[in-house]
Engineer: 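Can you read through this structure? Questions will come right after.
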Amino acid sequence: MFVVMAASATEAEVLGVKSHILAEGMTPYDHAGAERIVIAVVGEVGPRKQVLASRLAALPGVETITPISRPFKLTSREFRPEDTVIRVLDAVIGDGSLTMMAGPCSVESRDQLFETSDAVKAAGATVLRGGAFKPRTSPYAFQGLGVEALRYLAEARERTGLPVITEVMEPSQVDVVAEYADILQIGTRNMQNYSLLRDVGRVARPVMLKRGYGATVEEWLMAAEYIVSSGNPNVILCERGIRTFETYTRNTMDLSAVPLLHHLTHLPVIVDPSHATGKRWLVKPLALGGIAVGADGVMVEVHPSPEEALSDAEQQLDFDQFRDLMAVIVPVHEHLRGLHGDAVRSGVAMGSDGAGGTARP
């Protein structure tokens with residue numbers, strides 16, 4: 001349930017409500033909105049729900065008690081109607097601007113990374129991606145350079161000014177990756193690795209959570225809930241395609257998930273057409289499709305010589321292809337930006353299921 005405090009509620013009254021929730025064995029999470037504070041009551045309430053609601057409603061400063069209609073609570077628009085905006089160095093994600101994450105699938109060498117980072121920065125990328133630890137289906141495939149790659153990524157950040165995003169694969173890697181990277185990525189295979197989700201929830205770094213290749217939207221948001229409830233509110237959701245019966249593409253990119261997520265959650269959403277399609281000639285149309293339905297940004301893989309890449313060669317763009325993508329996607333984003341608040345995202349205000357919220361700008 002949510003405890004909605006009165007606009008005139010004092011700090012002491014807010015603390016009194018939170019203390020009462022803790023005394024009941026629940027955990028309070030508060031969000032200060034533009035006009036009032038909302039406190040989410042999280043935990044196993046069971047048959048005490050009505051009694052607890054009555055006790056909380058009687059406390060000083062409480063305006064109303066609202067039941068939570070979603071299994072995900074802290075990531076829902078019911079808890080936080082306004083968008084989460086994430087700032088990392090000079091990059092801003094979720095404020096209506098275009099976020100472009102670009103770089104190689106794997107960091108293969110210092111020279112390869114520097115050449116790529118310079119090229120994507122010049123073309124307009126706002127975040128540098130690069131894999132240091134690579135989860136591969138085959139144990140014999142290239143697994144990444146590990147900490148050596150993290151050092152190269154940190155050097156590339158100093159060289160270009162771009163914040164760095166890279167994947168963390170297990171709890172034991174969280175601290176070392178957080179030392180070098182600005183954004184921690186949770187890959188599709190780890191979306192429901194709950195120990196890892198809790199650990200990245202405890203570090204002061206934004207987290208990009210990729211959708212599991214067999215996960216529903218609700219399961220995806222519940223995974224995000226693990227991170228947020230562990231103390232890290234800065235989560236980015238990444239639609240990277242789900243596994244279906246289709247074999248002509250690597251995965252099936254679920255574009256409908258983007259406006260659906262904007263309806264359900266305040267978290268920013270980006271799309272990854274490289275992993276969704278597995279084919280470089282499909283990256284541009286799917287990137288444009290993601291922007292058209294309201295995505296906050298796009299992640300693509302870029303390599304100096306894609307045919308020679310040590311991983312995912314078929315889906316990586318060369319520098320000319322990335323420049324061509326940027327030349328097309330920037331004006332499309334600018335054209336659609338004014339429409340998103342009125343048309344593409346109008347369903348956020350009130351959906352057919354009756355769930356409330358506020359439209360994205």
Engineer: Check the pair Gln185 / Thr166 against side-chain contact (heavy atoms from CB on, under 4.5 Å), numbers first and verdict last.
Structural biologist: CA-CA 6 Å; Gln185 174 182 309; Thr166 193; over 6 Å; no
Engineer: Testing the 3.5 Å rule here: is there a donor-acceptor pair between the side chains of Gln315 and Asp312?
Structural biologist: yes
Engineer: Just verifying a value: how many Å separate Met222 CE and Thr216 OG1, rounded to the nearest 0.5 Å?
Structural biologist: 10.0 Å
Engineer: Do you know the tightest heavy-atom contact between Phe133 and Gly146?
Structural biologist: CE2-CA, 3.5 Å
Engineer: Any donor-acceptor pair under 3.5 Å linking the side-chain atoms of Asp95 with those of Ser97?
Structural biologist: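 There is such a pair (donor and acceptor under 3.5 Å, judged by atom type) between the side chains of Ser97 and Asp95.
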Engineer: Out of curiosity, does Leu255 fall in the hydrophobic cluster containing Trp220 (side-chain heavy atoms, cut-off under 4.5 Å, transitive links)?
Structural biologist: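 Same hydrophobic cluster.
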Engineer: For the CD atom on Glu246, are there more than 12 heavy atoms of other groups (residues, nucleotides or ligands in this structure) within a distance under 6.0 Å?
Structural biologist: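 Enclosed: over 12 neighbouring heavy atoms sit under 6.0 Å from CD of Glu246.
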Engineer: I'd like to know whether Glu13 forms a side-chain contact (heavy atoms from CB on, under 4.5 Å) with Leu59, so could you lay out the CA-CA distance, the side-chain angles of the two residues, the decisive distance to 0.1 Å, and finally the verdict.
Structural biologist: CA-CA 8 Å; Glu13 289 171 337; Leu59 295 176; over 6 Å; no
Engineer: Can you name the closest pair of heavy atoms from Pro273 and Leu286 and give their distance?
Structural biologist: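 Reported closest heavy-atom pair: CB-CB, 3.6 Å.
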Engineer: Quick check: closest heavy atoms across Arg129 and Met299, and the distance to 0.1 Å?
Structural biologist: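 Closest approach of Arg129 to Met299, heavy atoms only: NH1-SD, 3.6 Å.
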Engineer: For a side-chain contact (heavy atoms from CB on, under 4.5 Å) check, start with the C-alpha distance between Ile291 and Leu98, then their side-chain angles and the critical distance, and finish with the verdict.
Structural biologist: CA-CA 9 Å; Ile291 294 301; Leu98 176 63; 3.5 Å; yes
Engineer: Pairing donors with acceptors under 3.5 angstrom, does anything connect the side chains of Thr75 and Thr265?
Structural biologist: no
Engineer: Thr249 vs Thr277, test: side-chain hydrogen bond (donor to acceptor under 3.5 Å, both in side chains). Steps then yes/no.
Structural biologist: CA-CA 5 Å; Thr249 54; Thr277 66; over 6 Å; no
Engineer: Heavy atoms, side chains only, cut-off 4.5 Å: are Asp182 and Arg157 in contact?
Structural biologist: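 Side chain of Asp182 against side chain of Arg157, heavy atoms only: contact under 4.5 Å found.
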Engineer: Quick one, Glu225 with Lys73, criterion salt bridge (Lys or Arg N to Asp or Glu O under 4.0 Å). Give me CA distance, side-chain angles, the key distance, then yes/no.
Structural biologist: CA-CA 7 Å; Glu225 193 82 7; Lys73 302 169 178 34; over 6 Å; no
Engineer: Please say which of Val269, Asp83, Leu237, Val293 ends up in a side-chain contact (heavy atoms from CB on, under 4.5 Å) with His262.
Structural biologist: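 Exactly one candidate clears the test, Val269.
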Engineer: Verify, without hydrogens or angle tests, whether Thr252 (side chain) and Arg243 (backbone) share a donor-acceptor contact under 3.5 angstrom.
Structural biologist: no
Engineer: Give, for atom NE2 of His20 and atom CZ of Arg55, the distance between the pair rounded to the nearest 0.5 Å.
Structural biologist: 6.0 Å
Engineer: Does Cys105 offer a backbone N or O that forms a donor-acceptor pair with the side chain of Gln316 under 3.5 Å?
Structural biologist: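 Yes, because the side chain of Gln316 sits within donor-acceptor range (under 3.5 Å) of the backbone of Cys105.
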Engineer: Hey, does Ile86 have a side-chain heavy atom less than 4.5 Å from the side chain of Pro268?
Structural biologist: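 SC-SC contact between Pro268 and Ile86 confirmed.
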Engineer: Checking Glu308 against His303: is there a side-chain donor and acceptor pair closer than 3.5 Å?
Structural biologist: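 The answer is no; no qualifying pair exists.
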Engineer: Just so I know, are the side chains of Leu209 and Leu197 near enough to count as touching, which here means a heavy-atom distance under 4.5 Å?
Structural biologist: yes
Engineer: Please report the closest heavy-atom contact between Gln112 and Glu108, naming both atoms and the distance.
Structural biologist: OE1-N, 2.9 Å
Engineer: Which heavy atom of Pro171 sits nearest to which heavy atom of Asp199, and what is that distance?
Structural biologist: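 Closest heavy-atom pair between Pro171 and Asp199: CB-OD2, 3.1 Å.
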Engineer: Would you say Ser274's side chain and Glu301's backbone share a donor-acceptor pair under 3.5 angstrom?
Structural biologist: yes
Engineer: Would you give the length of the straight line joining atom CD1 of Ile21 to atom CE of Met1, rounded to the nearest 0.5 angstrom?
Structural biologist: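 With rounding to 0.5 Å, CD1 (Ile21) is 8.5 Å from CE (Met1).
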Engineer: If you take all heavy atoms of Phe79 and Val38, which pair is closest and at what distance?
Structural biologist: CE1-O, 3.7 Å
Engineer: Whether the side chain of Thr64 engages the backbone of Thr66 through a donor-acceptor N/O pair (distance < 3.5 Å, no angle test) should be reported.
Structural biologist: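 Such a contact is absent between Thr64 side chain and Thr66 backbone.
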Engineer: Would you say Val302 and Val330 are hydrophobically clustered, going by side-chain heavy atoms of ILVMFWY under 4.5 Å?
Structural biologist: yes
Engineer: After noting the C-alpha distance and the side-chain angles of Glu82 and His31, does the key distance pass the side-chain hydrogen bond (donor to acceptor under 3.5 Å, both in side chains) rule?
Structural biologist: CA-CA 11 Å; Glu82 66 273 16; His31 169 64; 2.5 Å; yes
Engineer: Has the side chain of Arg280 got a donor or acceptor atom that lies under 3.5 Å from a matching backbone atom of Leu317?
Structural biologist: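 Checked: no pair found.
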Engineer: Give a yes or no on whether the backbone of Leu52 and the side-chain of Arg48 come within a donor-acceptor separation of less than 3.5 Å.
Structural biologist: no
Engineer: Less than 3.5 Å apart, any donor N or O on the side chain of Ser172 or Glu170 sitting next to an acceptor on the other?
Structural biologist: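 Note: Ser172 and Glu170 side chains meet the donor-acceptor criterion.
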Engineer: Does Val203 belong to the same Ile/Leu/Val/Met/Phe/Trp/Tyr cluster as Met208, with side-chain heavy atoms less than 4.5 Å apart forming each link?
Structural biologist: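 Unlinked, Val203 and Met208 end up in two clusters.
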Engineer: So, taking the atom named CZ in Arg159 and the one named CG in Leu113, what distance separates them when rounded to the nearest 0.5 Å?
Structural biologist: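 Between Arg159 CZ and Leu113 CG, I get 9.0 Å after rounding to 0.5 Å.
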Engineer: How far does OH of Tyr152 sit from OG of Ser109, to the nearest 0.5 angstrom?
Structural biologist: 7.5 Å
Engineer: Does the side chain of Ile165 reach to within under 4.5 Å of the side chain of Leu128, using non-hydrogen atoms?
Structural biologist: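 SC-SC contact between Ile165 and Leu128 ruled out.
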Engineer: Looking at Arg240, is its backbone amide N or carbonyl O close enough to the side chain of Arg211 to form a donor-acceptor pair, meaning the two atoms are under 3.5 Å apart?
Structural biologist: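 No, because the side chain of Arg211 does not come within donor-acceptor range (under 3.5 Å) of the backbone of Arg240.
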Engineer: Should Leu282 and Leu325 be regarded as members of a common hydrophobic cluster, given that ILVMFWY residues are connected when their side-chain heavy atoms come within less than 4.5 Å of each other, either directly or indirectly?
Structural biologist: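 Unlinked, Leu282 and Leu325 end up in two clusters.
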Engineer: Dump the intermediate steps for salt bridge (Lys or Arg N to Asp or Glu O under 4.0 Å) on Arg70 and Glu218, then the final yes or no.
Structural biologist: CA-CA 9 Å; Arg70 312 285 190 192; Glu218 185 169 296; over 6 Å; no
Engineer: Just verifying a value: how many Å separate Asn234 CG and Ile227 CD1, rounded to the nearest 0.5 Å?
Structural biologist: 11.0 Å
Engineer: Side-chain contact test, heavy atoms from C-beta onward, threshold under 4.5 Å: evaluate it for Ile236 versus Leu267 and give yes or no.
Structural biologist: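 The answer is no, as the side chains (C-beta and beyond) never meet within the 4.5 Å cut-off.
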Engineer: Can you confirm whether Ile183 sits close enough to Ile93 that some side-chain heavy atom of one is under 4.5 Å from a side-chain heavy atom of the other?
Structural biologist: yes
Engineer: Give the intermediate values and the outcome of salt bridge (Lys or Arg N to Asp or Glu O under 4.0 Å) for residues Glu155 and Arg110.
Structural biologist: CA-CA 9 Å; Glu155 285 187 71; Arg110 188 171 183 266; 2.7 Å; yes
Engineer: Could you tell me whether a side-chain N or O of Glu78 sits under 3.5 Å from a main-chain N or O of Arg80, the two making a donor and an acceptor?
Structural biologist: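 Looks like no, no N/O pair under 3.5 Å.
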Engineer: Would you say Tyr29's side chain and Ser229's backbone share a donor-acceptor pair under 3.5 angstrom?
Structural biologist: yes
Engineer: Using a 4.5 Å cut-off on heavy atoms from C-beta on, say whether the side chain of Met5 contacts that of Val62.
Structural biologist: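 In short, these two side chains touch, coming nearer than 4.5 Å.
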Engineer: Taking atom CD of Glu148 as the centre, report whether more than 12 heavy atoms of other residues, nucleotides or ligands fall under 6.0 Å from it.
Structural biologist: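 Above 12, so yes.
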Engineer: Quick one: does NZ or CZ of Arg198 land under 6.0 Å from the six-membered ring centre of Tyr226, within 45 degrees of the ring axis?
Structural biologist: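 Checked: cation-pi criterion not met.
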Engineer: With side-chain contact (heavy atoms from CB on, under 4.5 Å) as the test, would you mind laying out the steps for Met169 and Asn193 before giving the verdict?
Structural biologist: CA-CA 9 Å; Met169 291 174 51; Asn193 182 340; over 6 Å; no
Engineer: Keeping Asp30 on the side-chain end and Ile37 on the backbone end, is there a donor-acceptor pair under 3.5 Å?
Structural biologist: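 Pair absent, no side-chain N/O of Asp30 close to backbone of Ile37.
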Engineer: Starting from Val207, can I reach Ile270 by hopping between I/L/V/M/F/W/Y residues whose side chains sit under 4.5 Å apart?
Structural biologist: no
Engineer: Ile39 versus Lys18: any side-chain heavy-atom pair under 4.5 Å?
Structural biologist: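 Contact flag for Ile39/Lys18 side chains = yes.
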